[in-house]
Amino acid sequence: MQVYCTDGTVVDCARYEVNEYGLVLYGTENQQERERYDTTDSQQVGFVPHDRLWYVLPEGVTPQAGLSAPGQGQSGAGTRPQPQPRG
């Protein structure tokens, strides 16, 4: 999975848990060989507070072209495309 933050940061993770403060991110399968402790559980690799989270996408899915994180791209525009005037 990929977790996209409002500042443009993208974090890879195998799974996540939601708590009252945000998302707790757990390691990827590639990190299993580098685990610090001898355990089969994934280690925590990050944390994203709710107010910094943009969205979570499964591996292989990319954001729709033309959309940018809030505060990036077009000034004054949200994350949705704006309707174009006809004529």
Side-chain angles (χ1 to χ4, degrees):
M1 286 185 214
Q2 293 185 317
V3 178
Y4 290 78
C5 300
T6 58
D7 66 357
T9 304
V10 179
V11 181
D12 290 328
C13 68
R15 66 183 182 88
Y16 63 91
E17 292 179 2
V18 179
N19 64 29
E20 64 182 292
Y21 305 106
L23 267 64
V24 180
L25 310 176
Y26 292 95
T28 64
E29 289 77 25
N30 296 337
Q31 293 170 328
Q32 285 291 4
E33 61 196 39
R34 297 182 288 145
E35 294 293 343
R36 182 183 308 167
Y37 303 108
D38 187 21
T39 177
T40 58
D41 297 333
S42 299
Q43 289 186 0
Q44 182 177 342
V45 295
F47 175 80
V48 179
H50 290 299
D51 65 339
R52 304 297 169 105
L53 177 66
W54 190 26
Y55 53 83
V56 179
L57 292 177
E59 195 69 34
V61 177
T62 56
Q64 182 179 356
L67 298 182
S68 60
Q72 293 185 357
Q74 303 167 342
S75 60
T79 58
R80 295 187 179 162
Q82 301 299 316
Q84 300 298 318
R86 295 184 185 221

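If you're wondering where the values come from, they're calculated on a predicted model, not measured in any experiment. All values below come from the heavy atoms of this structure, side chains included, with hydrogens, waters and symmetry mates left out.
When the salt bridge (Lys or Arg N to Asp or Glu O under 4.0 Å) test is applied to Glu17, the partners found at least two apart in sequence or on another chain are Arg15. Remark: Tyr16 engages no residue in a ring-ring contact (aromatic ring centres under 6.0 Å, His included) (not counting sequence neighbours). Not counting sequence neighbours, Gln44 has no partner by the side-chain hydrogen bond (donor to acceptor under 3.5 Å, both in side chains) test.
Considering Leu57, Leu53, Val10 as possible partners of Val3, the one that fulfils the side chain to side chain contact (heavy atoms under 4.5 Å, CB included) test is Leu53.
Remark: Phe47 CZ is packed, more than 12 non-hydrogen atoms of other residues, nucleotides or ligands lying under 6.0 Å away.
Across every non-hydrogen atom of Gly27 and Ala14, the tightest pair is O-CB, 2.6 Å. Of all heavy-atom pairs between Glu20 and His50, the closest is O-CD2, 3.6 Å.
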